[in-house]
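Structure record follows, encoded as structure tokens.
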Amino acid sequence: MLETVTKKEATVLFAGDSGDGIQLTGTQFTDTTALYGNDLNTFPNFPAEIRAPQGTLAGVSGFQIQFGSIDVFTPGDQCDVLVVMNAAALKTNLLLLKKGGIIIANTAGFDAKNLRLSKYEFNPLEDDFLSDYKVHSLDITKLTRNTLKESGSSLGQKEADRSKNMFVLGFIFWLFNRPLNNTIAFLETKFASKEGVKEANIGLLKAGYNFGETSETFSTQIEVKPARLKTGVYRNIQGNEAIAIGLIAAAKKSGLELFYGSYPITPASSLLHELSKHKNFGIKTFQAEDEIAAICSSIGASYGGALACTGSSGPGIALKGEALGLAMMLEIPLVIVNIQRGGPSTGLPTKTEQSDLLQAMFGRNGASPIPILAAASPSDCFQTAYDACKMALEHMTPVLLLSDGYIANGMEPWQFPTADSLKEIEHKIPKGPIEGNFLPYQRDKNLVRKWAIPGLKGYQHRIGGLEKEDLTGNVSYDPDNHEKMTEIRAQKINNIAHFLPNASIDSGHPNSKLAILGWGSTYGAIKTAVRDLNAEGIPAAHIHLKNLHPFPPNLKEVLEQYELVLVPEINDGQLIVLLKNKFDVVFEPLNKVKGLPFTSTEILRHVKTLNKALLC
Amino acid sequence: MLETVTKKEATVLFAGDSGDGIQLTGTQFTDTTALYGNDLNTFPNFPAEIRAPQGTLAGVSGFQIQFGSIDVFTPGDQCDVLVVMNAAALKTNLLLLKKGGIIIANTAGFDAKNLRLSKYEFNPLEDDFLSDYKVHSLDITKLTRNTLKESGSSLGQKEADRSKNMFVLGFIFWLFNRPLNNTIAFLETKFASKEGVKEANIGLLKAGYNFGETSETFSTQIEVKPARLKTGVYRNIQGNEAIAIGLIAAAKKSGLELFYGSYPITPASSLLHELSKHKNFGIKTFQAEDEIAAICSSIGASYGGALACTGSSGPGIALKGEALGLAMMLEIPLVIVNIQRGGPSTGLPTKTEQSDLLQAMFGRNGASPIPILAAASPSDCFQTAYDACKMALEHMTPVLLLSDGYIANGMEPWQFPTADSLKEIEHKIPKGPIEGNFLPYQRDKNLVRKWAIPGLKGYQHRIGGLEKEDLTGNVSYDPDNHEKMTEIRAQKINNIAHFLPNASIDSGHPNSKLAILGWGSTYGAIKTAVRDLNAEGIPAAHIHLKNLHPFPPNLKEVLEQYELVLVPEINDGQLIVLLKNKFDVVFEPLNKVKGLPFTSTEILRHVKTLNKALLC
Amino acid sequence: MLTTSNGETKRSGKDFATDQDVRWCPGCGDYSILKQVQSTLAETGLKNEDIVFISGIGCAARFPYYIESYGMHSIHGRAPAIATGLKISNPNLSIWVATGDGDCLSIGGNHLIHVLRRNPDLNIIMFNNEIYGLTKGQYSPTSPIGTISKSSPSGSLDTPFSPLKLCMGAEATFIARSMDRDPVHLRTTLLEANQHQGTSFVEVYQNCNVFNDGAFFQYSDKKSKADTTIILEQNQPLLFGEEKEKGIILDGFQPKVVHLGEAVGHADLWVHDAYDPVKASLITQYFDDPNNDLPKPFGIIFKKERPTYESLIIEQMNASKSAKGEEHLDALLSGENTWTVS
Amino acid sequence: MLTTSNGETKRSGKDFATDQDVRWCPGCGDYSILKQVQSTLAETGLKNEDIVFISGIGCAARFPYYIESYGMHSIHGRAPAIATGLKISNPNLSIWVATGDGDCLSIGGNHLIHVLRRNPDLNIIMFNNEIYGLTKGQYSPTSPIGTISKSSPSGSLDTPFSPLKLCMGAEATFIARSMDRDPVHLRTTLLEANQHQGTSFVEVYQNCNVFNDGAFFQYSDKKSKADTTIILEQNQPLLFGEEKEKGIILDGFQPKVVHLGEAVGHADLWVHDAYDPVKASLITQYFDDPNNDLPKPFGIIFKKERPTYESLIIEQMNASKSAKGEEHLDALLSGENTWTVS
Ligand SMILES: Cc1ncc(C[n+]2csc(CCOP(=O)(O)OP(=O)(O)O)c2C)c(N)n1
Ligand SMILES: Cc1ncc(C[n+]2csc(CCOP(=O)(O)OP(=O)(O)O)c2C)c(N)n1
Ligand code: SF4
Ligand code: SF4
Ligand SMILES: [Mg+2]
Ligand SMILES: [Mg+2]
């Protein structure tokens with residue numbers, strides 16, 4: 001008899017060889033899940049190699065999704081269902097499966113060759129090895145071939161085998177009792193011109209679903225009810241896509257053209273890819289010869305009156321340091337995006353980390369203050385990119401925007417705004433003809449200078465990287481002027497604090513002794529941990545910083561309320577250096593440097609090791 | 001009647017047009033002063049332009065020297081004697097003259113044209129303008145021409161006028177009752193092949209001296225007795241020269257060849273110039289196409305078994321960030337010298353600053369720990385460079401050495417060591433044939449790996465910038481390995497602390513409540529200030545840090561003894577960020593960002609503004 | 001501004017001078033270049049506000065301060081990259097890059113070769129003094145082997161670039177050479193560079209009288225000039241010498257000096273054609289090699305029509321606009337797959 | 001290691017293989033290049049420990065991991081600079097640079113042109129797949145105009161470099177081209193590159209079957225190969241075609257394809273001479289221009305003897321030693337002017 005178990009949230013991890021179509025499967029499952037109304041969060045985990053030899057551990061690709069009827073902030077610490085297309089996928093991911101979880105294994109991926117490549121000395125499906133789990137071994141490859149044979153499909157064997165992911169997807173749709181129509185529509189568009197492939201894929205999807213229904217492999221379906229999300233219209237979004245849209249939106253709202261100068265680098269390249277698709281928005285993308293040319297072309301574009309942006313990851317950002325100093329000295333608007341990855345040096349390009357914060361703060365010669373913002377989640381990337389542009393344009397300064405590999409590729413539902421609802425952005429291009437002499441370094445009350453772009457009559461002026469005289473911008477070696485200008489530049493950035501929202505408690509207990517202070521992509525894990533702590537009766541508050549330089553104006557008061565501020569970071573402790581420099585508060589670091597995001601459990605467990613007196 | 005006034009110390013500032021031979025005059029005066037036995041300290045101050053138009057304010061070149069019968073640690077806050085060859089020189093330097101000080105002015109440099117170019121509306125020599133000073137106006141140009149005419153010199157007028165600095169020098173020698181023989185010997189060598197020029201210069205030197213003796217311009221000679229320096233043999237030395245010698249000495253003592261890869265930049269270029277003169281020491285200098293190639297060629301040379309060094313200044317160091325991360329990851333020995341200058345961006349290339357400390361600490365992507373040393377004075381540059389090489393070779397790590405424009409060009413007497421007395425340096429190149437498998441990332445108890453250089457049979461291995469597996473050095477994406485390696489790299493650098501001398505009080509009161517903690521070139525000013533404070537009965541101690549990362553092991557205990565630690569820096573407050581991150585002590589910044597070194601008076605005055613309770 | 005007899009205003013170089021003190025060493029060749037550039041700008045009829053000078057770092061790179069236009073004295077070697085971004089974002093501007101041999105060919109070499117292949121409409125003036133001036137006299141990538149300088153006290157060992165040959169290799173569409181001491185030639189060359197649609201590269205020999213005095217005097221000295229230089233003019237035979245009594249013929253691929261007379265006449269001579277890439281290659285290959293005893297060529301050596309980078313970008317943008325329709329921010333925000341929670 | 005019949009040990013490619021899993025995509029052209037390099041190393045007689053492979057970043061740049069020698073997988077674009085320092089410090093090593101078209105010509109372009117002019121004895125192998133492989137498919141500086149890639153969804157706009165032409169412009173002393181799919185030719189070419197004293201630049205066409213599959217198949221495909229390629233051999237006429245029935249003549253400066261027959265015979269054909277810089281220029285100029293319908297040349301295109309950089313450095317060092325005498329550290333420490341305080 002078919003039972004239905006209802007769960008508040010569930011986590012599924014699809015894993016297989018790079019060639020197995022895992023990412024597509026995951027994305028389709030995600031879309032349907034979103035349309036169904038669950039809250040969700042995903043984490044694709046690519047292999048480092050483009051295409052490592054089939055069947056090897058290095059070649060495993062994974063896609064994890066957590067979805068729920070309650071709010072979901074992370075892709076899940078451990079999964080309920082693990083789908084593995086071969087032995088290597090099992091080996092690399094088994095630790096991520098909950099005790100008692102479900103394994104769906106493609107037995108065709110556990111033949112002698114696959115076992116050897118994945119360095120199993122035995123077949124884990126065949127003895128007691130997996131007795132802690134509920135294992136369902138299916139020869140998906142054979143099921144696929146048979147399905148297609150029966151339907152008289154014209155697909156060759158290679159192509160047929162490549163479609164087996166649709167069988168799996170259908171099966172999982174059945175397991176969670178989800179409709180197929182969205183994926184069918186997707187396949188119809190995707191293979192519109194390839195009738196045979198389209199038919200085969202749709203057929204397999206349905207076959208997988210039906211197999212679930214009829215084969216009695218499972219006696220239980222899992223139900224995860226729709227979440228009570230805020231009412232409104234939603235879409236799914238990945239972090240880098242959200243940044244791209246945020247930049248375009250800021251350009252539109254400010255009435256400027258967007259220029260994006262970049263040199264490809266993992267995991268920032270998709271920003272360039274995404275933006276270069278939108279030429280119809282008047283966007284100019286420029287693939288430069290290197291990162292230095294990328295930022296320099298952006299400086300040129302900004303000088304010329306564009307909303308200019310350059311993006312990269314750690315090693316590329318290191319190369320931009322000198323030019324970043326120039327942009328700071330020129331006091332022109334520029335957004336620099338760093339999609340952080342595992343460092344140092346080339347490091348772990350496909351892994352995530354938050355270890356470029358201090359580089360953002362100090363990675364240039366001299367006193368060179370630049371505001372820093374960090375995005376907290378895939379959808380938050382939109383608003384943060386938008387805010388970075390607004391800050392750059394309204395305060396005439398380069399702005400550093402930090403994201404990371406985790407949220408760049410992760411996906412979540414987003415209640416997107418309408419164009420009208422976006423904050424207005426003003427820029428400092430002088431309107432109307434010049435009166436009197438133009439002083440390029442004359443400032444308004446916020447210490448912001450004008451953006452006199454070439455072509456404007458009467459505003460001709462010369463700027464550069466040498467120290468400038470106050471007001472005139474002429475080269476000046478005067479000692480007092482240098483000190484004054486250094487102070488003005490610092491003050492100008494500090495003034496931005498007045499325009500920032502106050503720091504506040506994101507969630508959690510209002511009167512706890514313990515605060516957990518995060519920044520960037522640790523958002524979901526901290527939020528979940530705090531929710532779970534509070535549920536266990538342990539008081540803790542979650543504060544999340546979007547503005548890392550300058551800090552929100554009230555941060556001092558907020559932090560001083562707590563006896564201990566725990567600072568989880570996916571690095572060796574970087575925010576904490578900045579905090580200690582400013583505040584006389586007891587901070588405790590919680591660091592993870594594994595190229596992986598925090599799980600909420602890790603944070604929760606750490607909190608429980610703290611002095612009990614703090615946890616009441 | 002001729003009187004003699006005896007002074008403990010005196011400061012003379014020579015100033016004139018770039019073409020007036022000011023630097024030569026200053027150096028000659030310095031040499032003779034040193035040979036006479038004074039302690040001394042100098043500060044040359046070049047114009048930013050190569051050759052600004054004659055007579056302009058921008059074209060003024062200065063050379064300041066303080067010398068004494070007591071210890072002298074700075075070039076003097078204000079001067080006793082100001083020699084000005086033209087009006088512009090007076091205008092730019094008058095503020096540096098003590099009330100009641102002596103001005104020796106070349107009236108020929110105060111003609112209408114010079115007055116206009118120096119933006120004087122009147123002739124400052126001619127009215128009461130300088131009544132606070134003792135002014136001696138001499139037409140040095142005319143005196144020079146006459147001298148030469150009388151001696152029947154064959155020099156043309158242009159050449160003759162160019163020698164007028166020798167007349168001045170002779171005159172100043174007389175004023176301080178110094179012998180001419182050293183400068184005469186110098187002129188004889190310098191102009192050995194140019195009989196006429198030689199005769200003229202020597203003649204003028206003597207004429208200047210005699211003019212002092214006979215003209216009754218002055219009724220007073222100034223006597224500054226020899227200092228009671230430690231017995232021994234001395235020479236004068238400039239900071240960059242000392243670094244060059246330090247590098248060569250380290251190469252010799254370690255038995256390695258020195259490779260210096262660099263790209264010219266003010267004020268680091270003279271390192272390249274100096275080293276390229278010493279090819280007979282087996283030194284290879286390489287002028288690279290840019291700073292990135294400079295450090296990369298040095299990485300290649302280090303990989304190949306040379307003692308490798310690369311030097312630059314702020315903007316160039318910014319460009320080296322990515323490659324520095326590679327060197328750190330490779331764990332190979334490399335010394336990176338930063339002769340800091342006024343920042344940010346191109347900044348003030350000819351001015352001094354200490355504003356690249358945080359760049360040194362954090363100017364790379366990821367967690368990328370590198371030791372940092374700073375030199376405190378021109379002569380200290382030798383030992384610091386030597387120590388940096390020793391540290392790099394013995395701990396297999398890149399090491400950052402910070403100096404700055406002030407001490408790079410400044411000069412002081414140096415009791416140089418003998419080659420034998422220098423500490424031994426060991427390197428980690430394996431001796432003898434390999435046994436078993438070579439593990440490139442196997443470490444000794446200090447976590448230091450071997451330096452297996454190409455050519456060594458059996459040690460073949462591959463390294464790179466991707467994260468490495470512990471021991472084998474193979475590429476590894478393993479999460480736990482990444483965390484482990486990150487910790488090992490940090491710990492390895494922290495371990496260096498065990499090899500550092502303890503921090504201790506450099507001078508001053510042993511039980512004061514106030515400590516003044518400095519680093520780098522503020523040494524002399526702080527030391528002088530503390531001496532003067534103590535002399536006034538105000539207790540204060542001076543602690544000076546050579547090792548900025550890691551800190552000396554006992555720094556915590558030392559600092560915790562004080563109620564307040566004042567941290568003077570020629571920047572916006574950088575060391576203090578590192579201190580606050582580590583120690584729970586009350587620090588107070590004292591910052592100067594004028595492109596100029598501290599005067600001891602500035603520090604002394606600031607101390608006097610502190611809470612009186614601290615000053616007892 | 002001058003007013004001519006018929007009431008038209010004619011602009012002069014002075015209209016392009018700024019109030020800044022010019023801070024090169026007295027006697028520096030840069031002064032002459034500055035003057036000729038200012039005069040050329042006056043001749044072009046360009047408005048001050050539509051002109052931008054971008055430079056890197058070096059003595060040459062101080063140039064922007066002295067031109068009454070927009071200007072940026074940027075960082076070492078990066079001017080071509082900055083200028084590319086500026087041109088793409090603002091194609092109506094007349095953009096000039098002022099750079100030195102170190103700035104352009106040493107640290108900036110990569111940006112140079114890439115800007116040339118992309119071909120945005122820029123004018124690059126490279127002041128070649130075969131030395132690093134601003135940093136006080138180190139050898140540069142154009143210094144001849146054996147150059148004694150501060151960083152090469154026993155002589156430099158690096159084979160220098162021939163800048164024009166390098167540019168040919170990098171797909172340049174306009175290369176020319178002129179000289180500080182030949183004002184008229186310099187002005188003509190700059191005018192043509194300005195007219196060329198695409199990246200124009202003009203090498204200007206410039207005397208650094210402090211650190212490399214006289215490096216090019218043989219090409220300006222009255223006595224030697226006629227024999228050591230050859231002025232290239234389109235469709236004209238290669239003639240030189242005091243009386244234009246000498247010429248260049250091609251012996252196979254080999255350019256050779258001949259004396260005109262009975263054996264060889266004008267008709268036998270190499271005729272300059274800047275549109276011929278092979279001739280241009282031969283010129284940059286042979287004439288700049290000090291081993292060949294040939295006169296130094298000045299003038300426009302190569303020229304080619306190729307669409308500018310910015311025109312291609314705009315074309316592609318417009319094509320995309322007409323293919324996909326004008327943009328709608330709301331459509332972008334919502335994407336293609338949405339759902340409603342109610 | 002193989003032992004031949006007469007007891008000599010003959011080394012094979014296997015002696016240069018490491019224990020590392022090779023991690024290129026199945027089917028990638030890099031595999032073939034790896035094999036040929038290993039075989040070539042065996043043929044050179046070099047000892048494993050005297051060989052160093054330096055690479056930057058990219059798929060190609062993973063090369064060092066797979067060669068049993070010393071190796072460094074450094075950072076993007078910088079391998080030529082690292083190799084230069086290594087060669088200067090340790091001239092006895094046999095140093096090879098493995099690099100991609102992006103690594104070498106995009107971010108690394110400046111180091112490439114400077115290493116070529118300096119001419120240290122290095123072998124640079126540039127894997128040209130006309131794409132960025134490792135970053136998953138963006139166009140590169142060698143991608144033809146109009147290339148559709150992740151970063152150029154409507155087609156790239158940048159005129160590509162001809163790598164060999166660029167090298168000629170940068171004073172290279174050895175340039176050659178070969179291909180992943182022609183193992184014998186590749187080995188021969190690499191052997192010659194290794195023998196050349198100075199910087200050898202070898203462009204190797206390499207198939208990226210994932211992001212740019214088939215870019216060069218016309219040059220290896222049995223059907224088209226004979227007509228689309230021409231193998232250059234020293235002192236041999238330029239012949240190609242299935243039956244070697246076609247050849248290249250020079251019409252003025254213009255290379256033209258001719259059919260051999262009565263009108264034109266072998267004697268009329270262009271004879272390859274790698275030592276002739278003009279011929280080399282013409283080859284890089286004309287044959288790589290897709291507008292000219294000429295076969296693609298493979299082989300050694302240019303070669304020139306010029307002292308290596310490291311030999312000049314050592315010479316200068318020795319000269320200084322014999323002029324100034326051997327060094328004395330104590331003399332250096334004391335300098336020339338000392339005084340004694342007693
Ligand atoms: C990143 C960086 N590296 C080095 C320098 C120092 N620097 C300034 S100009 C220059 C070279 C100048 O030579 P060139 O470009 O030929 O110009 P010139 O002064 O001869 O006109 C150098 C090395 C710098 N300012 N920035
Ligand atoms: C400083 C820096 N910028 C960018 C990257 C990203 N990146 C790695 S390889 C590569 C290009 C690879 O192309 P190519 O050199 O042609 O090698 P292929 O992968 O095609 O063999 C890029 C852009 C990087 N690793 N470091
Ligand atoms: S150093 Fe040379 S190039 Fe620079 S301004 Fe002086 S003369 Fe001109
Ligand atoms: S991406 Fe292309 S070049 Fe890279 S390994 Fe795969 S097939 Fe080869
Ligand atoms: Mg120059
Ligand atoms: Mg490639």
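Reminder, nothing fancy here: chain letters follow the sequence lines and each chain counts from 1.
- At a heavy-atom separation below 4.5 angstrom, chain A is approached by C/L93, C/N110, C/H111 within residues 92-112 of chain C.
- For A/F281, the parts lying under 4.5 angstrom from a heavy atom of chain C are both the backbone and the side chain.
- Note that OG1 of C/T340 is 10.0 Å distant from CD of A/Q415, once rounded to the nearest 0.5 Å.
- Considering only heavy atoms from C-beta on, C/Y65 comes within 4.5 Å of A/V475 through its side chain.
- Looking at A/I283, the atoms closer than 4.5 Å to chain C (heavy atoms on both sides) all sit in the backbone: N, CA, C or O.
- Contacts between A/P413 and chain C at a heavy-atom distance below 4.5 Å involve backbone atoms as well as side-chain atoms.
- Aromatic ring pairs are classed by plane angle as parallel below 30°, tilted from 30° to 60° and perpendicular above 60°; the pair A/H461 and C/Y70 is perpendicular.
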**OP:** Start with the C-alpha distance between C/R117 and A/E289, add both sets of side-chain angles, then the distance that settles salt bridge (Lys or Arg N to Asp or Glu O under 4.0 Å), and finish with yes or no.
**Re:** CA-CA 11 Å; C/R117 76 181 177 95; A/E289 57 271 28; over 6 Å; no

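- When heavy atoms are compared at a cutoff of 4.5 Å, A/F259 approaches chain C solely by way of its side chain, counted from C-beta outward.
- Using a 4.5 Å cut-off between heavy atoms, A/N236 contacts chain C through both its backbone and its side chain.
- A salt bridge links A/R462 with C/E68: the closest approach of a Lys/Arg side-chain nitrogen to an acidic carboxylate oxygen falls below 4.0 angstrom.
- Using a 4.5 Å cut-off between heavy atoms, A/F416 touches chain C through its side chain atoms alone.
- Interface residue C/L332: backbone and side-chain heavy atoms are both found under 4.5 Å from chain A.
- Looking at A/F382, only its side chain comes within 4.5 Å of chain C, counting heavy atoms on both sides.
- The contact list for residues 41-51 of chain C toward chain A, using heavy atoms and a distance under 4.5 Å, reads C/N48, C/E49, C/D50 by residue number.
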